Protein chains: 2
Amino acid sequence: MKISHPANLLRQRGMRPTRQRVAIARLLFDGVDRHVTAESLAEQIKDLGIKLSLATVYNTLHQFTDVGLLKKVRGLSDATWFDTNVNSHHHFFDTESGALTDIPAEAITISTLPKTPPGKVVEGVDVIVRVSGR
Amino acid sequence: MKISHPANLLRQRGMRPTRQRVAIARLLFDGVDRHVTAESLAEQIKDLGIKLSLATVYNTLHQFTDVGLLKKVRGLSDATWFDTNVNSHHHFFDTESGALTDIPAEAITISTLPKTPPGKVVEGVDVIVRVSGR
DNA sequence: ATAGCTGCAAATGCTTTGCAAGGCC
DNA sequence: GGCCTTGCAAAGCATTTGCAGCTAT
């Protein structure tokens with residue numbers, strides 16, 4: 001998602017365009033798909049000379065997720081990743097570095113799916129391809 | 001995996017059959033596939049009137065995983081699940097209850113896989129079908 | 001005997017929360 | 001001004017670790 005005016009984007013989604021949220025939005029939504037953790041994002045922000053607390057980073061990431069600007073992804077490590085690619089797609093998970101990489105939805109075809117438990121509805125399918133090695 | 005003599009199983013895998021490990025092995029490997037968290041397992045053990053510390057439960061689960069008796073699985077919740085089905089298979093993840101259910105490997109067919117990043121080897125593919133609803 | 005375990009409690013890492021002070025409309 | 005936000009620090013979880021005491025071999 002590439003946006004020209006973060007403040008408007010935020011207003012459209014019903015959030016006040018505060019200094020902190022605009023800074024984060026500007027950093028995340030520049031047209032390139034990004035994976036960030038709260039920690040990594042906080043660091044990038046700090047490097048830009050912007051000050052904001054880690055708690056605010058967490059809050060903001062969750063709010064962005066709630067309004068559909070981000071997608072939450074968990075690898076197998078402890079940290080939660082937030083992905084700016086909110087479309088359906090999958091991931092490589094490097095078991096050595098903990099790094100996540102996108103796999104476009106088209107690159108994986110699932111030809112058979114099991115029947116869903118009674119009364120349940122499928123919300124989505126996540127495929128994680130674990131890789132390792134140099 | 002169904003075992004008759006936990007102590008021998010443990011010895012085969014190079015662990016001392018201590019009271020705690022035997023108790024856990026007996027509970028887990030009764031032939032039924034189980035998903036447990038450290039917490040849930042500790043509780044079951046306590047209900048049996050056996051006393052052991054949570055730290056030991058964690059240690060034991062990891063040791064069992066290291067020797068191939070268990071498989072580590074992460075849903076999207078915080079907790080780590082340990083699965084007694086160590087064969088390749090997938091999972092339903094109930095986003096409301098956090099419950100995990102096995103999907104036999106044959107029930108899902110992936111017909112296309114993306115090319116692996118250079119120098120990387122695929123260790124495995126995990127499919128998580130997110131479900132919700134009553 | 002001795003190397004390997006266990007238990008406890010303290011430490012850790014990630015994340016959330018409470019609440020006073022501050023900022024947007 | 002009023003209500004939403006932020007910042008900090010403290011609290012919360014799940015998990016790990018340090019170390020003295022115990023135990024299987």
Side-chain angles (χ1 to χ4, degrees), chain A residues 5-25 27 35-46 49-67 69-70 72-82 97-98 100, chain B residues 5-27 35-46 48-67 69-70 72-82 98-100:
Chain A
H5 197 157
N8 284 345
L9 174 73
L10 296 177
R11 261 186 285 262
Q12 279 167 28
R13 310 277 174 147
M15 313 183 174
R16 287 190 186 168
T18 63
R19 182 172 51 78
Q20 295 80 335
R21 302 216 265 231
V22 169
I24 292 178
L27 206 155
H35 294 103
V36 296
T37 61
E39 209 80 45
S40 77
L41 181 57
E43 199 166 326
Q44 292 174 54
I45 297 261
K46 195 186 304 170
I50 299 166
K51 294 190 55 171
L52 76 187
S53 79
L54 187 55
T56 298
V57 173
Y58 274 103
N59 290 336
T60 304
L61 287 172
H62 284 137
Q63 290 153 2
F64 282 9
T65 302
D66 289 343
V67 299
L69 289 173
L70 292 175
K72 227 174 184 169
V73 184
R74 303 211 63 160
L76 296 159
S77 61
D78 285 333
T80 300
W81 293 80
F82 293 85
S97 67
L100 272 187
Chain B
H5 198 158
N8 284 343
L9 174 71
L10 296 176
R11 262 187 284 262
Q12 279 166 28
R13 309 278 173 147
M15 311 182 176
R16 287 190 186 170
T18 64
R19 184 172 50 78
Q20 296 78 337
R21 304 216 266 230
V22 170
I24 292 178
R26 188 134 46 199
L27 207 156
H35 294 104
V36 297
T37 62
E39 207 81 45
S40 77
L41 181 58
E43 199 167 326
Q44 292 175 53
I45 296 262
K46 196 187 302 171
L48 291 179
I50 299 166
K51 296 190 55 173
L52 76 186
S53 80
L54 188 53
T56 298
V57 173
Y58 274 103
N59 290 336
T60 304
L61 287 173
H62 284 138
Q63 290 154 2
F64 282 10
T65 302
D66 289 343
V67 299
L69 289 172
L70 293 174
K72 226 174 184 168
V73 184
R74 306 212 60 163
L76 295 159
S77 61
D78 285 332
T80 301
W81 293 80
F82 293 85
L100 272 188

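As a basis for the values below, the full set of heavy atoms in this structure was taken, side chains included, without hydrogen atoms, waters or symmetry mates. Quick caveat: nothing in here was measured; it's all calculated off a predicted structure. Throughout, a chain's letter reflects where its sequence line sits, starting with A, and its residues are numbered from 1.
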Smallest heavy-atom separation, A:Ala25 atom then A:Pro6 atom, equals CB-CB, 4.1 Å
I need the CZ-C1' distance between B:Arg21 and C:dG7, as an integer number of Å.
14 Å
Could you tell me the separation between the CD1 atom of B:Ile24 and the CZ atom of B:Phe64, rounded to the nearest 0.5 Å?
6.0 Å
Please give, in whole Å, the distance from C:dG22 C1' to A:Lys51 NZ?
15 Å
Atom CG of B:Asp66 to atom P of C:dC5: distance rounded to whole Å?
12 Å
NE2 on A:His35 to CG on A:Leu70, rounded to 0.5 Å:
11.0 Å
All N/O contacts under 3.5 Å from nucleotides 11-14 of chain D to the protein, with atom names and distances to one decimal?
none

Given the C1' atoms of D:dG7 and D:dA11, what is the spacing between them in whole Å?
16 Å
Under 4.0 angstrom between B:His62 side-chain N/O and D:dT15 OP1 or OP2
no
Specify the separation, in whole Å, of atom CG of B:Leu61 and atom C1' of C:dT6.
15 Å
When you measure from the side chain of A:Thr60 to the backbone N and O of A:Thr56, does any donor-acceptor pair fall under 3.5 Å?
yes
Please give me the minimum heavy-atom distance between A:Thr37 and A:Ala79, naming the atom from each residue.
CG2-CB, 4.1 Å
Can you tell me which nucleotide in C:dT15, D:dT6, C:dG7 comes closest to the side chain of B:Ser53?
C:dG7
Just verifying a value: how many Å separate B:Gln63 CD and B:Leu69 CG, rounded to the nearest 0.5 Å?
11.0 Å
Which heavy atom of B:Ala42 sits nearest to which heavy atom of B:Leu54, and what is that distance?
CB-CD1, 3.9 Å
Working to the nearest 0.5 angstrom, can you tell me the gap between A:Ile50 CD1 and A:Leu27 CG?
7.5 Å
Atom CG of B:Leu54 to atom C1' of C:dG7: distance rounded to whole Å?
11 Å
Interatomic distance, A:Phe82 CZ vs C:dT15 C1' [rounded to whole Å]:
10 Å
Find every protein N or O atom lying less than 3.5 Å from an N or O atom of nucleotides 18-25 of chain D, and list the pairs.
| unit_1 | atom_1 | unit_2 | atom_2 | d |
| --- | --- | --- | --- | --- |
| D:dT25 | OP1 | B:Arg11 | NH1 | 2.9 |

Could you state the CD1-C1' distance from B:Ile24 to C:dT6, rounded to the nearest angstrom?
11 Å
Using side-chain heavy atoms (C-beta onward) and a distance below 4.5 Å, is B:Leu52 in contact with B:Ile45?
yes
Judged by each residue's nearest nucleotide on DNA chain C, which is more toward the 5′ side, A:Lys72 or B:Gln63?
B:Gln63
Please give, in whole Å, the distance from C:dC14 P to A:Glu43 CD?
12 Å
For B:Gln20 and C:dG7, is the shortest distance between a side-chain N/O and OP1 or OP2 below 4.0 Å?
yes
